[in-house]
Amino acid sequence: MSQNETVERPVNFIRNIINADLDTKLHENVQTRFPPEPNGYLHIGHAKSICLNFGLAEDYKGQCNLRFDDTNPAKEDLEYVESIKRDVSWLGFNWSGDICYSSSYFDQFYNYAVELIKKGLAYVCFLNADETREYRGTLTEPGKDSPYRDTSVEDNLALFEKMKNGEFKEGECVLRAKIDMSSSFMCMRDPALYRIKFAHHHQTGDTWCIYPMYDFAHCISDAIEGISHSLCTLEFQDNRRLYDWVLENLNDFDRPDRPHQYEFSRLNLEYTVMSKRKLHQLVDDGLVEGWDDPRMPTISGMRRRGYTPASIRDFAERIGVSKVDSMTEMGILEAAVRDDLNKVAPRTMAVMDPIKVVIENYPEGEVESIQAPIHPQNEEMGKREIFFSRELYIDRADFMETAPNSKYQRLAIDKEVRLRNAYIIKGERFETDADGNFTTIYCSYDPETLGKKPADGRKVKGVIHFVEATKALPAEFRIYDRLFTVENPAKEDDFEAVINPDSLVVKNGFVEPGMAGSEPEKAYQFEREGYFCRDNKSANQQVYNRTVALRDTWSQQK
RNA sequence: AGGGCUGUGGCCAAGUGGUAAGGCAUCUGGUUUUGAUCCAGUGUACCGCAGGUUCGAAUCCUGCCAGCCCUGCCA
């Protein structure tokens with residue numbers, strides 16, 4: 001085993017390759033890169049790639065670049081480069097050195113294209129898009145050579161220069177690699193290397209009117225940056241032949257330690273969509289509030305929802321890396337957040353669907369202060385002040401007139417229950433409105449049960465949460481659920497038709513007064529309910545987003 | 001015979017010839033002023049199927065089946 005190998009992380013096929021390359025001294029160190037195209041917001045699938053690339057660099061004491069793959073100005077925008085930088089930083093990763101842009105290598109790409117032309121390996125082709133498609137052949141039939149394939153090197157050089165100088169119209173011609181029109185790899189049938197676009201580029205302005213294609217730019221960018229292991233997703237497996245072809249035909253890069261591409265499977269998560277196109281569509285069609293809607297699988301959405309960087313990194317580690325097309329259960333993501341939040345989230349109580357409770361034997365006008373632990377398993381987090389008085393709120397779900405069975409542990413008439421952090425109370429009677437909904441529950445309390453069990457030894461198993469009515473702060477709760485009703489919405493003809501109508505349910509209730517100064521994005525556990533954070537877009541109001549509910553083994557049992 | 005990949009318990013995923021890790025989920029106990037957490041325990045996995053090689057195969061060979069990707073001047 002290589003001494004460079006670390007023991008903490010789970011093994012995967014990429015680590016095996018790296019270990020082998022280090023052992024054979026093919027590479028001295030590990031250099032990776034995360035290469036997003038700035039044409040949308042990052043999502044949890046990107047997070048998997050970010051954690052992989054940056055994680056590898058960290059573990060092997062190598063480096064990882066953040067490189068914007070900005071070769072198509074028509075689709076890209078500065079807004080996206082800003083959001084991507086923000087998301088990567090938020091996840092806790094530091095790119096090595098300055099941010100990289102493929103566009104900063106445009107001069108070099110141009111020169112390498114000239115090198116290929118001079119070697120007779122590239123030519124300017126005037127076939128239009130339709131003709132090119134016809135000439136390409138099909139999956140089962142070879143293509144045929146372009147009539148421009150045998151243009152002389154001198155003419156190609158001149159033509160390519162004219163392309164650069166804007167002497168041709170958009171779409172009039174492209175620079176193509178001269179490879180093999182009968183290759184079984186479609187991407188090897190004389191692929192386009194450069195196309196004309198009179199578009200303003202967010203980095204290079206109007207300097208260029210020709211832009212390199214992904215397959216030409218990506219491998220060279222990797223090589224320029226000295227990337228050792230270039231990791232991408234499965235759909236680029238065929239493209240690897242072109243990646244290799246380009247580098248092997250360029251004098252600067254035709255060497256054993258040039259970058260090599262390895263492909264892993266992209267993340268698919270149940271009940272959501274991961275393609276940028278579909279995510280764009282949800283935003284554009286107004287089906288969600290925006291890229292950072294807490295129901296979106298985007299990094300910014302998850303952040304607003306209350307996910308932490310630690311939980312996302314842990315998730316990435318838990319799902320591993322392989323080449324299998326897979327569909328990951330939401331449960332793994334949820335388990336990862338719960339594990340993190342359970343440790344760090346201060347506990348507090350919130351009543352999201354309030355019913356008034358009147359403690360009839362409690363003195364009128366009196367408000368009692370109680371010190372409650374901020375985290376029952378972690379004394380060091382200290383205490384918080386909560387209140388108790390004659391009037392309280394409990395959650396509607398915690399009261400029934402009569403217990404349905406012996407397992408019922410909540411409040412009912414003639415049944416005792418513990419109020420979390422406070423006294424044991426007993427249901428006495430109730431009032432309803434005209435529709436039969438409970439409006440007020442009248443209870444009695446046992447004054448000898450604050451912080452202790454009943455002296456007579458009677459058992460009170462149930463515990464419900466509450467807030468004191470006069471000091472409670474009104475708050476809005478946004479209860480989020482899966483965005484789609486089916487496991488794999490991408491498979492639907494119209495994925496927007498299977499959006500979960502209950503993916504957001506808004507409730508209005510109360511939180512403890514101590515929540516007045518709660519920070520946006522900071523995780524709290526509303527005891528017995530779940531993990532919540534103050535919405536980062538509603539800073540002046542008491543608005544809480546539910547990150548994830550507590551694990552519930554009870555409601556499933558019926 | 002287009003080509004490239006992949007098939008290990010419900011979901012992820014180790015394993016690369018020596019007799020199937022781990023996580024999530026499930027279920028069962030215990031603790032508990034969160035039906036949470038925590039603790040302990042819990043799986044007959046025909047290792048896609050069928051042959052073959054071998055003392056021995058998830059691992060090697062052959063054939064088959066299934067799924068995903070490839071015919072953008074997108075990435």
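Here is the naming used below: chain letters follow the sequence lines, and residue numbers restart at 1 for every chain. Note that the structure is predicted; figures quoted are calculated from it, not measured. Worth knowing before you read on, the calculation uses all heavy atoms, side chains too, and leaves out hydrogens, waters and symmetry mates.
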Engineer: Would you tell me whether A:E368 and A:Y423 have side-chain atoms, one donor and one acceptor, within less than 3.5 Å of each other?
Structural biologist: yes

Engineer: In terms of side-chain heavy atoms, does A:Y271 have a donor or acceptor partner in A:N488 at a distance below 3.5 Å?
Structural biologist: no

Engineer: How would RNA chain B look in dot-bracket form, 5' to 3', counting Watson-Crick and G-U wobble pairs with both distances under 3.5 Å and writing | for bases paired to another strand?
Structural biologist: .(((((((.[[[..)..(...]]]..((((.......))))......[[[[[..)....]]]]])))))).....

Engineer: Is A:R195 near enough to B:rC74 that one of its side-chain N or O atoms lies under 4.0 angstrom from OP1 or OP2?
Structural biologist: yes

Engineer: Categorize A:F526 for me: base, sugar-phosphate, or nothing, with a 4.0 angstrom heavy-atom threshold over every strand shown.
Structural biologist: nothing

Engineer: Quick check on B:rG35: is either OP1 or OP2 less than 4.0 Å from any side-chain nitrogen or oxygen of A:R528?
Structural biologist: yes

Engineer: Answer yes or no: does a side-chain N or O of A:N16 lie under 4.0 Å from OP1 or OP2 of B:rG15?
Structural biologist: yes

Engineer: With rounding to the closest Å, how many angstrom separate the P atoms on B:rC60 and B:rC70?
Structural biologist: 28 Å

Engineer: Could A:K278 and A:F495 be counted as a cation-pi pair, given that NZ or CZ must be under 6.0 Å from the ring centre and within 45° of the axis?
Structural biologist: yes

Engineer: Under a 90° cut-off about 0 for the syn range, is B:rG22 syn or anti?
Structural biologist: anti

Engineer: What's the gap between B:rA21 and B:rU26 when it is taken at their P atoms, as a whole Å value?
Structural biologist: 22 Å

Engineer: When rounded to the nearest Å, what value does the distance between C1' atoms of B:rU44 and B:rG7 take?
Structural biologist: 22 Å

Engineer: In residues 175-191 of chain A, which residues come under 4.0 Å of RNA chain B by heavy atom?
Structural biologist: A:S184, A:F185, A:M186

Engineer: Between B:rG29 and B:rA20, how far apart are the two C1' atoms, rounded to whole Å?
Structural biologist: 28 Å

Engineer: So what does A:V174 hit on the nucleic acid, given a heavy-atom distance under 4.0 Å: a base, only sugar-phosphate, or nothing?
Structural biologist: base

Engineer: At under 4.0 Å, does any side-chain N or O of A:T328 touch on OP1 or OP2 of B:rC11?
Structural biologist: no

Engineer: Does a side-chain N or O from A:T553 land closer than 4.0 Å to OP1 or OP2 of B:rA36, or not?
Structural biologist: yes

Engineer: Using OP1 and OP2 only, check whether a side-chain N or O of A:K276 sits under 4.0 Å from B:rC74.
Structural biologist: no

Engineer: With sugar-phosphate meaning primed atoms plus P, OP1 and OP2, does A:K452 contact a base, only sugar-phosphate, or nothing at under 4.0 Å between heavy atoms?
Structural biologist: base

